[in-house]
Amino acid sequence: MSAGGEAVRTRRVPVETSQGAYEVTIGRGLTFRLGAMIRERFGAPRIGVISDSTVAALYRERLSASLADAGLDVRFFDFPAGEAQKTFETVGAALDFLARERFTRSDIVLAFGGGVPGDLAGFAAAVYLRGVRFLQVPTTLLAAVDSSVGGKTGVDLPQGKNLAGAFWQPSAVYCDPDLLRTLPDDRIAEGYAEMIKHGMIADEAYLRRLEALVPCAEMEEMIARSVEIKASFVAADTRDTGLRQILNFGHTFGHAIEKVSDYSVSHGAAVAIGMMMACRAADRLGLSESSVTARLEALLRLYRLPTETAYGAEELAGAALSDKKRSGETIQFVFPIRAGAAALVPVPAADIPRVFRSGFR
Ligand code: NAD
Ligand code: GLY
């Protein structure tokens, strides 16, 4: 039942991975029934909720009531909101919490929040007692369509973002779009950047629906389609050794922008600009249909996402070349072929400055 007592209509998206299968359940008002859903699916484990301060202040009461109503024993741990907290120190504090509260192998960690609590709680679950089950309950659009699915968990190091972690799949993902209502517009736009990415790499019809502007009533369906697209890449290549890297469309350019800006440019904004740069470069290198660039630009503007960077090509290329995650002497770029299809192209280090230059207008 929702707060008003009516039944919650849900959509379910299956996710198959080489580490096991699970479902993403999406439904407005689902948080009010979450305790009952967990009870039905997992029995009565103890639940350790890991969240950030903002999400806890907004929604802890709602979640807590739902879990308590189902008779579940729940403990809460939260840390100050923000990317700066995605560190080993915070994971250490979360592990300390789980141990202090005597969580066992049969208990469950519940990641409640955006990508930061999701990545961090997932990592804590991956290493606590050498691995306990965890659930993702995303509260940002970015987490709903991207980070809560696929099992990439981890933390940042002083040397760079997401440099330590583990592949550890959630046992289930529960997404309540009603929780997204309190997100500021720029955070919503960051989620749309990832949805546009999904359309660009895999589904032209989805792109057309985004171009028609998503009415509120269709949000669940749009989240479900994005999750399906992400899940198809995760199923094909869970450990990210090949095809899954297509999900990094816009990310090589985007990561360089994030890094050079000392992370003052948000991930979503950087990916939006990065996708534009990838389109321009692919067009100039003769890899894609030239209409793709104008189409993407119009769509990003529609969702109030940026399309240009003030940083220079040489500076950005330098940041990409010093990226610890590049493999050997090449960097994998994702270039569009046409709207709805993209390809991985390894670019030798010596050509990186030229590719970055061709990403500018
Ligand atoms: P986030 O979790 O920091 O959330 C952004 C801000 O929104 C925070 O201040 C948070 O407190 C606030 N917030 C969350 N839910 C809210 C709500 N419902 N109402 C109001 N405010 C709310 O960050 P994010 O943007 O969700 O995710 C970014 C992180 O995700 C990065 O660390 C990135 O590396 C990671 N990521 C991981 C994957 C993956 O596959 N694991 C994929 C993409 C991004
Ligand atoms: N966000 C990219 C991935 O999960 O592979």
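Order of appearance sets the numbers: ligands from 1, and atoms from 1 within every ligand. Any value given below was found using the heavy atoms of this structure, including those in side chains, with hydrogens, waters and symmetry copies removed.
- Note that R280 lies outside the cation-pi zone of F360, set by a 6.0 Å cut-off to the ring centre and a 45° limit from the axis.
- In this structure, CG on D203 lies 11.0 Å from NE2 on H198, to the nearest 0.5 angstrom.
- A donor-acceptor pair under 3.5 Å links the side-chain atoms of S53 to the main chain of A81, judged by distance alone.
- T31 places none of its side-chain heavy atoms less than 4.5 Å from the side chain of Y59.
- For ligand 1, the 4.0 Å heavy-atom shell takes in D52, T54, V55, L58, Y59, A81, E83, K86, G114, G115, V116, P117, D119, T139, T140, L142, D146, S147, K152, K161, N162, L179, T182, L183, R187, K230, ordered by chain and residue number.
- Panel note: side chain T90, backbone Q85; a donor-acceptor pair is recorded below 3.5 Å.
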As a test of reading the model: which N/O atoms of the protein lie under 3.5 Å from N/O atoms of ligand 2, and at what distance?
residue  : atom  : partner : partner atom : Å
ligand 2 : 1 (N) : D146    : OD1          : 3.2
ligand 2 : 4 (O) : K230    : NZ           : 2.6
ligand 2 : 4 (O) : R244    : NH2          : 2.8
ligand 2 : 5 (O) : K152    : NZ           : 2.9
ligand 2 : 5 (O) : R244    : NE           : 2.8
ligand 2 : 5 (O) : R244    : NH2          : 3.4

For residues 149-157, tabulate all N or O donor-acceptor pairs below 3.5 Å that involve a side-chain atom, not counting sequence neighbours.
residue : atom : partner : partner atom : Å
K152    : NZ   : D240    : OD2          : 2.9
T153    : OG1  : A166    : O            : 2.8
D156    : OD1  : N162    : N            : 2.8

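- Proximity of a side-chain donor or acceptor of D176 to a complementary backbone N or O of G29 within less than 3.5 Å is detected.
- For residues 57-69, every residue pair satisfying the salt bridge (charged side-chain N to carboxylate O under 4.0 Å, His left out) rule, not counting sequence neighbours, is listed here: R60-D78.
- Side-chain rings of F333 and F253 approach one another, their centers coming within less than 6.0 Å.
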